[in-house]
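First comes the structure, then the notes that go with it.
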Amino acid sequence: MAARCRRACGLHGFDCNRVFSAACHDVGGFLMDAVAHIQAGQPTSTPWRYRLDEMAWRDLVEGLKHDSLPFVGLWCDGTDIHALFMPHDMQPLGATLALESGRYPALSPARPVSSFYERMIFDLYGAEAMWGTDVRPLVDHDVWQNSMPLASVPGAAGDNKGMVAVQPSDAMQAASGTAMGSGPATGGYETPLHVAMVCEGETIRHAETVSGYAHRGMAQRWHKCRVDDANRLSGRYDAGCSAAHQAAFCQAVEHACGQQVGHEVSQLRLVVLELERVTQHLFTLATLARQAGARLVASRCMWFREGLLAKAAPVIGSRLMMDHSVPGGVNLRDTASMGTLCEQIADLAEEIYPPLVTLWQSYPGLSARLAGLAVVESTLLERVGLDGPVARAGGGECDYRRAMRAYEGLWHFNGGRHNGTLEDRAAILLDEVGESLRIIKALGPRLGLSAGGRIELTYEDGEGTGLAEGPWGAVLYWVRLKNGRVDQVFMRNPAYSALMAFEAVLPGQNVADIGLIRTSLGVSAAALDG
């Protein structure tokens with residue numbers, strides 16, 4: 001592994017538990033300065049993306065240390081580095097910098113979560129983030145057939161032919177105590193992620209993770225892919241969030257084509273999105289209950305979930321929430337029956353949901369088992385930029401449905417937990433199940449007015465973004481079309497922020513609670529590794 005060590009040179013934070021914009025309306029002071037700084041760059045063929053030179057990029061990094069401009073993500077196309085922000089009303093703002101001798105000034109000194117993007121970029125392209133805060137490998141652990149596989153000239157094959165080697169941080173090496181590890185080869189069902197720990201007795205003193213076991217090369221698979229095939233790939237990025245990924249991907253393609261689907265198509269997509277949220281939350285709650293020893297509660301959650309899927313499958317065409325959003329429209333087995341399905345789901349919810357809430361709240365020992373565990377404080381949320389139900393359980397109001405036109409008259413803020421404990425996160429998930437069921441019921445009378453259908457898209461060269469509120473937070477896609485195909489895709493989901501929160505809350509926790517904590521934060525190896 002010594003050959004893979006990278007030298008960090010010198011230029012930190014992510015913030016905003018209300019990441020992106022719908023929940024961030026501060027348009028004064030530093031935020032406007034950062035926006036103006038980017039917009040002072042050279043315009044590109046994409047109206048919201050500007051090209052900066054190296055000194056302007058460095059000035060931007062320094063300015064970002066003092067402002068609240070919401071950061072979305074960072075990616076590379078082999079020639080340029082792109083950073084995406086969302087300053088207000090979910091209007092994207094991009095900054096582009098040409099690589100200079102395969103290097104660029106890091107964003108991680110100003111937005112800590114960007115260190116994950118920087119590490120991924122180095123592993124795939126060999127582009128070095130100067131002054132990066134963390135330069136360890138992220139997914140390439142010296143076992144690939146080629147290092148830097150997406151570089152114009154890929155590197156040599158890895159030397160490590162055995163087990164994946166762990167490269168600990170300086171903090172891990174300095175920690176004193178008993179070294180322990182958890183996953184991924186334990187025989188259980190947990191996500192394939194290794195957690196390296198230094199413990200004192202059963203108490204964790206320091207922890208960090210090693211990912212990459214679930215890397216599938218999505219960036220390369222998307223490159224020069226047919227649009228419909230790329231949409232299918234996006235639906236398989238993260239199990240349990242397929243509908244959110246495909247809805248966001250389709251919006252990005254439609255945006256790049258300068259097209260917009262009809263209102264009923266948008267509402268049909270909402271039914272699938274909200275049904276996915278309900279079924280994923282019920283699966284998470286069942287997992288938490290089983291890990292906490294409340295098997296009756298777990299079985300009731302799964303029973304409810306199975307009942308919903310049994311009613312939905314004949315109408316939408318599958319028990320899986322994938323491949324129902326397609327560029328330009330929807331793909332449903334029986335579109336005309338979607339309104340009736342919403343009514344059936346509402347009837348089932350009235351029968352099962354209230355008793356489930358009562359059972360969860362009154363089951364002996366369940367609340368006591370979860371209370372006080374793994375507190376995610378507001379300062380941590382701001383530092384790592386985490387949104388979704390984890391942030392809402394800590395007092396955040398970041399739900400991007402509030403700013404989506406399709407949700408007008410449907411969404412309202414649903415929260416009341418502010419302490420950020422594991423118990424609060426479970427309660428928020430349970431509340432959101434009820435809220436999504438209410439939205440599905442309200443959608444029923446709105447459907448069936450038209451056939452939905454699919455508009456024909458002309459895939460001309462262009463770029464677009466799309467956003468959906470997934471079960472664990474915002475999922476955003478940037479798509480570049482070229483010669484009728486997908487030239488490149490960038491995807492942002494809450495996975496990196498969730499992982500940073502996971503590592504931050506583990507110290508002081510009991511080793512036996514790792515599974516509970518990981519489940520409650522939505523840590524997903526597939527969503528991490530790409």
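Heavy-atom basis, side chains included; hydrogens, waters and symmetry copies ignored.
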Open item on the list: T209 vs E503, test: side chain to side chain donor-acceptor pair (under 3.5 Å). Steps then yes/no.
Closed with: CA-CA 7 Å; T209 56; E503 292 182 341; 2.6 Å; yes

Could you measure the distance from the [atom1] atom of [X] to the [atom2] atom of [Y]? Nearest 0.5 Å is fine.
{"X": "I81", "Y": "L52", "atom1": "CD1", "atom2": "CG", "result": "12.5 Å"}
{"X": "S211", "Y": "M120", "atom1": "OG", "atom2": "CE", "result": "7.0 Å"}
{"X": "N331", "Y": "M322", "atom1": "CG", "atom2": "CE", "result": "13.0 Å"}
{"X": "D140", "Y": "R119", "atom1": "CG", "atom2": "CZ", "result": "12.0 Å"}
{"X": "Y104", "Y": "E118", "atom1": "OH", "atom2": "CD", "result": "4.5 Å"}
{"X": "H215", "Y": "W144", "atom1": "NE2", "atom2": "CH2", "result": "4.0 Å"}

Open item on the list: Does D77 form a side chain to side chain donor-acceptor pair (under 3.5 Å) with H82? I'd like the steps, not just the answer.
Closed with: CA-CA 8 Å; D77 61 14; H82 308 278; 3.0 Å; yes

Are the side chain of [X] and the backbone N or O of [Y] linked by a donor-acceptor pair below 3.5 Å?
{"X": "Q488", "Y": "C76", "value": "yes"}
{"X": "D53", "Y": "A56", "value": "yes"}
{"X": "N231", "Y": "S325", "value": "yes"}
{"X": "R216", "Y": "A214", "value": "yes"}
{"X": "E208", "Y": "S169", "value": "yes"}
{"X": "S318", "Y": "L320", "value": "yes"}

On a heavy-atom basis, which atom in [X] and which in [Y] lie closest, and how many Å separate them?
{"X": "P471", "Y": "E276", "value": "CD-OE1, 3.9 Å"}
{"X": "S108", "Y": "G132", "value": "OG-CA, 3.4 Å"}
{"X": "G94", "Y": "I38", "value": "O-CG2, 3.6 Å"}
{"X": "G235", "Y": "S242", "value": "O-OG, 2.6 Å"}
{"X": "P327", "Y": "Y459", "value": "CB-OH, 3.8 Å"}
{"X": "A34", "Y": "L60", "value": "O-CD1, 4.4 Å"}

Do [X] and [Y] come close enough that some side-chain heavy atom pair is under 4.5 Å?
{"X": "Q267", "Y": "Y407", "result": "no"}
{"X": "M197", "Y": "M172", "result": "no"}
{"X": "L528", "Y": "Y213", "result": "no"}
{"X": "L332", "Y": "L268", "result": "yes"}
{"X": "T519", "Y": "T284", "result": "yes"}
{"X": "F85", "Y": "P70", "result": "no"}
{"X": "V195", "Y": "L506", "result": "yes"}
{"X": "V272", "Y": "H324", "result": "yes"}

TODO: Evaluate the ring planes of Y496 and Y117, with Trp represented by its six-membered ring, and classify them as parallel (under 30°), tilted (30 to 60°) or perpendicular (over 60°).
DONE: perpendicular

Open item on the list: Can you pull out every salt bridge (charged side-chain N to carboxylate O under 4.0 Å, His left out) where at least one residue sits in residues 240-258? Sequence neighbours excluded, please.
Closed with: E254-R269

Task: Pair listing, salt bridge (charged side-chain N to carboxylate O under 4.0 Å, His left out) test, anchored in residues 521-530, at least two apart - done: none

Compile the donor-acceptor pairs under 3.5 Å between side chains in residues 473-483 and protein atoms, sequence neighbours left out, one pair per line.
residue	atom	partner	partner atom	Å
Y477	OH	H245	ND1	2.8
W478	NE1	E463	OE1	3.1

TODO: Establish, from distance only, whether the side-chain atoms of T96 and D80 form a donor-acceptor pair under 3.5 Å.
DONE: no

Task: E274 vs R277, salt bridge (charged side-chain N to carboxylate O under 4.0 Å, His left out): CA-CA, chis, key distance, verdict - done: CA-CA 5 Å; E274 294 306 315; R277 191 183 325 280; 3.0 Å; yes

Answer yes or no: are there more than 12 heavy-atom neighbours, outside [X] itself, under 6.0 Å from its atom [atom1]?
{"X": "Q220", "atom1": "CD", "result": "no"}
{"X": "Q145", "atom1": "CD", "result": "no"}
{"X": "E54", "atom1": "CD", "result": "yes"}

TODO: Kindly determine whether N493 and W472 satisfy side chain to side chain donor-acceptor pair (under 3.5 Å), including the steps that lead there.
DONE: CA-CA 8 Å; N493 64 20; W472 290 106; over 6 Å; no

- [ ] Give me the one residue out of R492, R392, R401 that meets salt bridge (Lys or Arg N to Asp or Glu O under 4.0 Å) with D387.
- [x] R492

- [ ] Please lay out, stage by stage, how W75 and L84 fare under the test side-chain contact (heavy atoms from CB on, under 4.5 Å).
- [x] CA-CA 9 Å; W75 71 97; L84 185 64; 3.7 Å; yes

Task: From CA spacing to verdict: side chain to side chain donor-acceptor pair (under 3.5 Å), T44, R51 - done: CA-CA 7 Å; T44 68; R51 181 172 292 278; over 6 Å; no

- [ ] May I have the step-by-step check of side-chain contact (heavy atoms from CB on, under 4.5 Å) for L69 and D33, ending in yes or no?
- [x] CA-CA 9 Å; L69 178 61; D33 289 344; over 6 Å; no

Open item on the list: Using a strict threshold of under 4.0 Å (side-chain N to carboxylate O), is an ion pair present between R58 and E62?
Closed with: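 Not counted as a salt bridge, because no side-chain N and carboxylate O are separated by less than 4.0 Å.
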
- [ ] Could you tell me whether R136 and D123 have a side-chain N and a carboxylate O separated by less than 4.0 Å?
- [x]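 Salt bridge flag = no for D123 with R136.
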
- [ ] Any chance you could lay out the side-chain contact (heavy atoms from CB on, under 4.5 Å) test for R405 and Q260, step after step, and finish with the verdict?
- [x] CA-CA 12 Å; R405 185 176 303 170; Q260 186 171 331; 3.5 Å; yes

Task: Test salt bridge (charged side-chain N to carboxylate O under 4.0 Å, His left out) applied to R226 and D487, step by step - done: CA-CA 9 Å; R226 292 178 60 250; D487 184 59; over 6 Å; no

Task: Distance flag, aromatic centroids of W222 and F490, threshold under 6.0 Å - done: no

- [ ] Assess whether side-chain contact (heavy atoms from CB on, under 4.5 Å) is satisfied between Y50 and Q42, documenting all intermediate values.
- [x] CA-CA 5 Å; Y50 299 83; Q42 180 183 351; over 6 Å; no

